[in-house]
Student: 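Mind looking over this structure? Questions follow.
Proteins come first, then strands; the chains are lettered A, B, ... in the order of their sequence lines, and each starts at number 1. Only heavy atoms go into these numbers, but all of them, side chains included; no hydrogens, no water, no symmetry mates.
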Amino acid sequence: MDVSPILSPLNDPQRAAVTAPLGATLVLAGAGSGKTRVLIHRIAWLIQAEGATPHGILAVTFTNKAAAEMRARVESLLGTSGGAMWLGTFHGLAHRLLRLHWREAGLPQSFQILDSEDQLRLVKKVVKALELDETRFVPREVQYFINKHKDEGRRPAQLKDGGDPTERTLIRLYIEYEQTCARMGAVDFAELLLRAFELWRDRPQLLQHYRSRFQHVLVDEFQDTNSIQYAWIRLLVGTTGFPFVVGDDDQSIYRWRGARVENLQKFRSDFPQAQLFKLEQNYRSSAAILEAANALIANNSARLGKELWTSGARGEPVRVYCAYNERDEAEFVLGRIQQWIAGGGLRRECAILYRSNAQSRVFEETLIQARIPYRVYGGLRFFERAEIKDALAYIRLIANRDDDGSFERIVNLPVRGIGARTLDVLREAAKGAGSSLWRAAGTLLAAAGDRATAGRGAAALHGFLALIERLGRDIEGMPLHEQVDHVINNSGLIEHFRKDKADRGEARIENLAELVSAARGYEPEGEDLPPLQSFLAHAVLESGETQGSEWDDCVQMMTLHTAKGLEFPVVFLCGMEDGLFPHQRSINELASLEEERRLCYVGITRAMRQLYLCYAEQRRLHGVDSYNVASRFIQELPPGLLEEVRPRIQLTRHGYAAPASGRRAGVGEAAGMFRNPVETTPGGMRLGTRVRHGKFGEGVVLNLEGQGPHARVHVNFEQQGAKWLMLSVARLEPV
DNA sequence: GTAGTTCGTCTTTTT
DNA sequence: GACGAACTAC
């Protein structure tokens, strides 16, 4: 068999790792050193040279995006389908396992998954039900407490209060929360992992089955694994499997959500015979950028030790800009982006990175004013939007009447006169009978019916139950998307949102329509689950990345966390001020300060050719001005690498911020800006063109997204501000 | 039962 | 400066 396509694109250390003899293997791979490539080629190698079959391989990642990309690349490398391979996120694979073995795992067959928001609501409910003071037992903190223990594999029974009454109450809450979940047939994210772990731990014959099936276990981003994820992997590997893990301790930035860098060390002590490979050659950044990154990260203690190098040129120096304030910072960034574009560069090659989301606003305003299309990453994803969750709650309640979370969410949405009083009675009854709200409502109404004194609340409640029953009957036998469509249109949701503030409601109704098309386009992965169930799980597990097509050419804006794994020719690291980055809350503890430093390292290593570090002497944050000094991370870089950018003499309107007055931005300037990639929609719409809308007046096209009937356009209207419009719906005329 | 108003909070995020 | 929660007034 010809393995040259697998091996020839690799450098020596990469090839050594890919072809390592079967056994435990640890690959320490620096930023931009081809980490994912090694993992992908290893899989191909196992199949083509080691006689493994896709059936015998389990590969795990952290995000759906990474999993999808990996599958596609493996398949293209092998030229065959890797369908039999288990490749997915930890949560996705755990879910798959639990669906297959729901009985052994002690779950109802139709168990549903709670996302973090659902979980928080439930925790709140439990805190209330136990009549605890919400200021003393803050739901968010209780949620954190529960998840922390689940992430470490601990059930309430294993916890000791140590005589501390607060601890005791927290444990009680954990117990009560678990019972509520069990009653609802609900499983949160951490529970998926913990259950999957316990399933194997407590069923030796089942574990044995999977051990003999999955000899090859590959883990990406190993430094991000938490305790239970590692324990799960170890259980599967046992003494006979071959774990192949890839990670970078210097890029561990998720300690705060349970990730354990120590797992890298643990792996080495658990598998003392493990082979270690280091990938240090970087193919992404210029030598100057790498030198900065190396110098910065050298300030951290307890590293496994790695130094990036490149055979490439030194490149441009790292530039530092000290701005007067955040507005000036944004103007500076804008100017450099315009320079880049004028030099023939693309907008999408520029990334503005920042520590916290709140920083994006000034950049957005500045870019809008300059009529430069941009895209902000992060923010609410599709399936997390309130209206989508409302619609799904109807569907969930129809599928499972005992789903109290969904019941509470929609019982009075749209308002149907079921207020707090009625609900209190209902909750009491449910608690007394140990049943779900739905059942309690049924019993309550039956009892009240006899007395014929059914009050307003009761009548409304009756109406609600009847509605759910009717919808349930209506949609039986319909294809998935028609079910969704029917529920949306007959639940009163549409009318409810129509009453919302004009454009807000319009957007929500559009999203609901989008939900129907998501259902139409949905292809269930496992045949074992009813399509509706499968769709609901999909909605929670893959909250839906807003599909950024290659087609867009926008300046990219995101937090440093989101930027991990990406690369850009031009990177602006903004808000480099002590207190903001490193964040105030991380400054006093060494471990968190080091994590901030790793975050900065991640940011620096995103840059391929140009890197700018910007900070503002004065910054308005949370409505108040603060005065800051440059981030200590800038001080930690060798001065010889840096080039201070002199503040420009203020010729331009400084701090000028007339709202949406794009009109006067020089014509020539705009023409130059949009000359480069000529993108048009099917409707002949073009970035930068002026359009008129019947209701919103005139505006400028900032951005285009999607194709065909789904094409959307982002228009900055002079009066109404920026809005997204469906091209197929909105009537827009070029001016 | 709901609409309007003030108060307090404000890293980072995937599943 | 923006959002949600909790409180108050109708």
Student: Tell me whether B/dT11 sits syn or anti, counting syn as a glycosidic angle within 90° of 0.
Tutor: syn
Student: Could you check whether A/Glu595 gets within reach of a base, just the sugar-phosphate, or nothing at all, counting any heavy atom under 4.0 Å?
Tutor: nothing
Student: In whole angstroms, how far is the C1' atom of B/dT15 from the CG atom of A/Asp224?
Tutor: 13 Å
Student: Rounded to the nearest angstrom, tell me the gap between atom CZ in A/Arg598 and atom P in B/dT12.
Tutor: 18 Å
Student: Report the C-alpha distance between A/Asn511 and A/Glu387 in whole Å, list the side-chain angles of each, state the deciding distance to 0.1 Å, and finish with yes or no for side-chain hydrogen bond (donor to acceptor under 3.5 Å, both in side chains).
Tutor: CA-CA 8 Å; A/Asn511 285 333; A/Glu387 62 273 20; 2.7 Å; yes
Student: Tell me what A/Val540 touches on the nucleic acid: a base, only sugar-phosphate, or nothing, going by heavy atoms under 4.0 Å.
Tutor: nothing
Student: Under the criteria of a ring-centre distance below 5.5 Å and an interplanar angle below 30°, is A/Trp256 stacked with the base of B/dT12?
Tutor: yes
Student: Are A/Arg585 and B/dT11 close enough that a side-chain N or O sits under 4.0 Å from OP1 or OP2?
Tutor: yes
Student: Could you check which of B/dT14, B/dT11, B/dT13 has an atom nearest any side-chain atom of A/Thr559?
Tutor: B/dT13
Student: Compute the centroid of each ring, for A/Phe633 and then for A/Phe581, and state whether the two points are separated by less than 6.0 Å.
Tutor: yes
Student: Report the nucleotide, chosen from B/dT14, B/dT15, B/dC10, that has the shortest atom-to-atom distance to any side-chain atom of A/His622.
Tutor: B/dC10
Student: Classify the nucleic acid contact of A/Asn412 as base, sugar-phosphate or nothing, counting any heavy atom under 4.0 Å across all strands shown.
Tutor: sugar-phosphate
Student: Side chains of A/Gln618 and A/Asn628: is there a donor and an acceptor less than 3.5 Å apart?
Tutor: no
Student: Is the number of heavy atoms from other residues, nucleotides or ligands under 6.0 Å of A/His462 NE2 greater than 12?
Tutor: no
Student: Test the A/Arg619-A/Tyr324 pair against the cation-pi criterion, namely NZ or CZ under 6.0 angstrom from the six-membered ring centroid and within 45° of the ring axis.
Tutor: no
Student: May I have the distance from A/Glu117 (atom CD) to B/dT14 (atom C1'), rounded to whole angstrom?
Tutor: 15 Å
Student: Atom CG of A/Leu353 to atom P of B/dT12: distance rounded to whole Å?
Tutor: 14 Å
Student: Measure from NZ or CZ of A/Arg257 to the centre of the six-membered ring of A/Tyr254, then state whether that distance is under 6.0 Å and the direction lies within 45° of the axis.
Tutor: yes
Student: Base, sugar-phosphate, or nothing for A/Thr61, non-hydrogen atoms under 4.0 angstrom?
Tutor: nothing
Student: Would you say a side-chain N or O of A/Thr422 is under 4.0 Å from OP1 or OP2 of B/dG1?
Tutor: yes
Student: Which is true for A/Phe189 with a 4.0 Å heavy-atom rule: it touches a base, it touches only sugar-phosphate, or it touches nothing?
Tutor: base
Student: So what does A/Asn357 touch, heavy atoms closer than 4.0 Å: a base, only the sugar-phosphate, or nothing?
Tutor: sugar-phosphate
Student: Hey, are A/Lys125 and A/Glu408 close enough for a salt bridge, meaning a charged N less than 4.0 Å from a carboxylate O?
Tutor: yes
Student: Can you find an N or O donor on one side and an acceptor on the other, under 3.5 Å apart, linking the side chain of A/Thr562 with the base of B/dT13?
Tutor: no
Student: Quick check on B/dT15: is either OP1 or OP2 less than 4.0 Å from any side-chain nitrogen or oxygen of A/Asn147?
Tutor: no
Student: Please compare A/Arg355 and A/Ile418 by the position of their nearest nucleotide in DNA chain B and report the one closer to 5'.
Tutor: A/Ile418
Student: Along DNA chain C, 5' to 3', what are the outermost nucleotides having an atom less than 4.0 Å from a heavy atom of chain A?
Tutor: C/dG1 to C/dA6
Student: Is NZ or CZ of A/Arg385 both nearer than 6.0 Å to the six-membered ring centre of A/Phe382 and within 45° of the ring axis?
Tutor: no
Student: Mark yes or no for a side-chain to base donor-acceptor pair under 3.5 Å between A/His583 and B/dT11, with no hydrogen or angle criteria applied.
Tutor: no
Student: Can you tell me if the side-chain N/O atoms of A/Arg257 get under 4.0 Å from OP1 or OP2 in B/dT15?
Tutor: no
Student: When you check the phosphate oxygens OP1 and OP2 of B/dT14, does a side-chain N or O of A/Asn64 lie under 4.0 Å from one of them?
Tutor: no
Student: Sequence neighbours excluded, which residues qualify as salt bridge (charged side-chain N to carboxylate O under 4.0 Å, His left out) partners of A/Glu262?
Tutor: A/Arg260
Student: Can a side chain N or O of A/Asn226 be found less than 4.0 Å away from OP1 or OP2 on B/dT15?
Tutor: no
Student: Classify A/Lys564 by what it touches in the nucleic acid, base, sugar-phosphate, or nothing, heavy-atom distance under 4.0 Å.
Tutor: nothing
